[in-house]
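Computed over heavy atoms, backbone and side chain alike; hydrogens, waters and symmetry mates excluded. In the text below, chain A, chain B and the rest are named by the order of the sequence lines, each starting its count at 1. No experiment lies behind these values; they were computed from the predicted model shown.
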Protein chains: 2
Amino acid sequence: MTNKLNLNNLTKSEEDYLKALFQLLIEDNSVKVGNNQLAEYLKVSPASTNNMIKKLKSKNYVVSEKYGKLELTEEGKSIAVRLIRKHRLWETFLCNYLNFSWDEVHEVAEQLEHIKSYKLIDELDRFMDFPTKDPHGEVIPNADGEYSILPKITLSSLEEGAVCQLISVNDASVTFLKYVSEIGLALSSEIKVQEVREFDGSIKIQFNNIQETVTRKFADNVFVKVI
Amino acid sequence: MTNKLNLNNLTKSEEDYLKALFQLLIEDNSVKVGNNQLAEYLKVSPASTNNMIKKLKSKNYVVSEKYGKLELTEEGKSIAVRLIRKHRLWETFLCNYLNFSWDEVHEVAEQLEHIKSYKLIDELDRFMDFPTKDPHGEVIPNADGEYSILPKITLSSLEEGAVCQLISVNDASVTFLKYVSEIGLALSSEIKVQEVREFDGSIKIQFNNIQETVTRKFADNVFVKVI
DNA sequence: TAAATAAGTTAGGCATGACTAACAAATTAA
DNA sequence: TTAATTTGTTAGTCATGCCTAACTTATTTA
Ligand SMILES: [Mn+2]
Ligand SMILES: [Mn+2]
Ligand SMILES: [Mn+2]
Ligand SMILES: [Mn+2]
C-alpha cells in the first residue's frame, strides 16, 4: 500500500507558484499582489501565471476575483510553508554538513524542496537537532508549520547614524552573497550607517572596524534589526 | 555565472530511461533488450518507449537499428552510472543517518537521484566516508563511475544442498523487503538450501538455526554468493 | 512454408506548463 | 473626463511525455 501521505498531488510548478505567492503576500507583507507581479517574480509570462492561478483557484489554494488581487487559502498557505521549511532545512544541511557556502545552497535547495516525503524532512530536521535559522538568517518553520516571520527592515531604509545588526539576507543572488562575505559582513554583524548619499542612494557603513560604501541595491538586500 | 557543469540538460524521464536500459543491458547482462521489454520494465506503453528511444538516439545516448536491439553509447552508460551512484548513495544516507529502513529508501531515492549538482553528491559521498555498498548490498559506483558489477546469482538458481551467503536483494518491492527482514534474513546471512520442491518451485532454506520455506518468486529476488 | 503470435512502429490525442500576440479592464495623468 | 498607461485576460501555439488503436515487421510453430 503506497503511503498517500507523501503525495499531496501537487506538481513542482504548482508548489513553486504557491511558495512565490506566500513570499510576496506574507513574508513581504504586500498590500496587493497582482497577476503581473507574480509573473515578474517567477520570471514567467503573465499568461502563464494567469493560467496557473486559474488552476490553483479550482483546487482551492488561491482566492481572487477577476482583475482583483491574489490571496491564498489556509490550505494554500500551509503548502507554501511546508515548502519553505523544506527549502531552509536543506540549505542548512548543505551548509553545515556538506561544505556548501551560503551562496551555493539556494539553487540546489530549489530542487530538493520538491522531494515528496514527510519522513525525509522530519528526519533531516531531527538529524540536525531542529535548527531554527537557515544559512541566510531566515527562520525555519517547525514540523507544524509554525514560525515567526520577522519584519523585513532593509539596511537601505535606515537613516544616517543608525546602528543595527545584520539579521538575514536575500538568498537568491549568488553574486550578492559572495560580495557580502567578501567585504567581511556576516549574520549578526553590527553595522553603523555613517552616511546616506542623496545623489545615488549609496550608503557608507561601518562594521568590525571596516568602512565600506555600498549601493542602494546592495542595501536593499540586507535585512537588519535596529539596536 | 551559472555553473553549466551541473546541467547535463537531461529531463527526469530521459535519465530514467537511460538508467533502465543500463540495468537491463549491463547489470542484468541481457543478450537482447527490445523496445517492449523496456516498456514493461518502466511500466509505460511500447509507444512511449519507442518515442523516447528515438529522442535518445538523436542525442547519441542510444544506438539501435529499426526493429533491432537497443544499446547504449559510452555517454549513455556514463549518465546511467552517475544516476545509479546517486540513487545508492542517497539510499545509504537515508538508512544510515535518517532512520529509514531498507524497504523505505527506494521510493525516495528515485526522486533524489534526479537532483542536479555534482557537488551535492560528491560531498554526500565524502560525508559518509565513501561507502561501497548500499542498504540492499549493491555496489556504489565511485566518483569516476567505476564499480564492480557482481554477477547476479539468485537463490532460486541453486541446487539442493548448496550453501551460500546473501549478497544483495532486489530493492524495488517494499513488501518483499519487509518479508525478508521479518523472517530474520539480512545481508551476509549464510543460507543452506535444504530442499527444492519440484511441484511449485518452493525452497526450504536454513539460516541462523531458522528453517523457512520460501516461494520461487521470493528466491528470484535474493542474490547470493555460493560458498 | 503459411498462419499465428510476438515485437516494434506510427498516427492521433491528451495533460501540463511554457510562450506570443491581441485584446479588455482598471488605474493614472493630463 | 478623456487619453495614456498599466494590468489582467484570452486565444492560439509549442515541447514534453504519456496514452490507445491500428498497423507493420519479425519470429515461432504447426
Ligand atoms: Mn534559498
Ligand atoms: Mn535561505
Ligand atoms: Mn533503489
Ligand atoms: Mn538499492
Open item on the list: Run the side chain to side chain contact (heavy atoms under 4.5 Å, CB included) test on A:Ile53 and A:Leu21 for me, step by step, so that the C-alpha distance in whole Å, both residues' side-chain angles and the decisive distance to 0.1 Å come before the verdict.
Closed with: CA-CA 10 Å; A:Ile53 288 299; A:Leu21 257 180; 4.0 Å; yes

- [ ] Would you classify A:Lys69 as touching base, sugar-phosphate or nothing, given that sugar-phosphate means primed atoms plus P, OP1 and OP2, and contacts are heavy atoms under 4.0 Å?
- [x] nothing

Open item on the list: For the residue pair B:His87 / B:Asp134, report whether a side-chain donor-acceptor contact shorter than 3.5 Å exists.
Closed with: no

Task: Boundaries of the chain A footprint along DNA chain D (any atom under 4.0 Å from a heavy atom) - done: D:dT7 to D:dA11

Open item on the list: Below 30° counts as parallel, above 60° as perpendicular, anything between as tilted: where do the rings of B:Tyr97 and B:Phe127 land?
Closed with: tilted

- [ ] Taking atom types as modelled, find out whether A:Asp28 and A:Ser30 have a side-chain donor-acceptor pair closer than 3.5 angstrom.
- [x] no

Task: Sub-4.5 Å side-chain heavy-atom contact between B:Cys95 and B:Glu91 - done: no

TODO: Give, for atom CG of A:Leu18 and atom CD of A:Glu75, the distance between the pair rounded to the nearest 0.5 Å.
DONE: 9.5 Å

TODO: Please state whether the rings of B:Phe93 and B:Trp90 are parallel, tilted or perpendicular, taking 30° and 60° as the class boundaries.
DONE: perpendicular

TODO: Dump the intermediate steps for ring-ring contact (aromatic ring centres under 6.0 Å, His included) on B:Tyr17 and B:Tyr61, then the final yes or no.
DONE: CA-CA 10 Å; B:Tyr17 276 82; B:Tyr61 298 132; over 10 Å; no

Task: Where protein sits on nucleotides 17-22 of chain C, one letter per nucleotide: B base, S sugar-phosphate only, - none, heavy atoms under 4.0 Å - done: SSBB--

Open item on the list: Rounded to whole Å, how long is the line connecting atom CD1 of B:Ile53 with atom C1' of C:dT9?
Closed with: 13 Å

